[in-house]
Each structure stands twice: as C-alpha cells, then as structure tokens.
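Predicted, not measured: the structure shown is a model, and the values here were computed from it.
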Amino acid sequence: MNDMMNSGALNIASLAFSLVILVVGLVAWFFVNRASVKANQQIALLEAILEQQKRQTVLLRRICEANEPEEEAVEAPAAKPQEDDGFIRLVAER
C-alpha cells in the first residue's frame, strides 16, 4: 500500500512540474511575441520615415535647382573693380 501512495504522489508532482513548465513557457512566449510585434511596428515606422526623408530630399533638390543664381549674375560682381578694399588690406588686424 505504501508503494501506491508514493506512486500517486510522484504522479502529482510530475503533473505539477509539467504545469509549472507550461506556464513559464507561455509567459516566455508572450513576452517574446510582444517584443517581436513591437520590433515589427518600429521597422514599419522607420520605413515610413525613410520614405518621407526621400521625398523631402527630392523636394529640397528641386528647390535648390530652382533658386540657383544665373551664371551672369555670379560673374558680374567679380568683374567689378574694388576701390575701397585696397587701403583696408594694408592695415594690419590686431
């Protein structure tokens, strides 16, 4: 009779240990799955930001190309003789 009581206790302990392992496994799976979902959301947000930055870069290039000065306007001030700068260049800065 003593053997039957030990075997029943062993079965209950084995069942309890299996349940504890199952609960720990489910909790671990929950946190891993949650982290994976958050990582996927962050990747999606980063990809959206990348697309917006690409569009902004294209728009910025268009604006810069539209606002480029004409070549004639750039050459005109360089061809003008500088009268007042000659005397200032002779004075040493302190």
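A donor-acceptor pair is defined here as one N or O able to donate and one able to accept, closer than 3.5 Å; such a pair exists between the side chain of S18 and the backbone of S14.
Proximity of L26 to L22: side-chain heavy atoms (C-beta onward) are separated by under 4.5 Å at one or more points.
Within the model, atoms CG of L15 and CD1 of I12 stand 8.0 Å from one another, a figure rounded to the nearest 0.5 Å. Of the inter-residue distances, the one linking N40 atom CG with Q42 atom CD reads 9.5 Å to the nearest 0.5 angstrom. One finds the OG atom of S36 at 14.5 Å from the CZ atom of F31 (value rounded to the nearest 0.5 Å).
Applying the under-4.5 Å side-chain rule to Ile, Leu, Val, Met, Phe, Trp and Tyr, the cluster around I43 consists of that residue alone.
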Name each donor-acceptor pair under 3.5 Å that joins a side chain in residues 54-69 to protein atoms two or more places apart or in another chain, with its distance.
unit_1, atom_1, unit_2, atom_2, d
T57, OG1, Q53, O, 2.7
N67, ND2, I63, O, 3.4

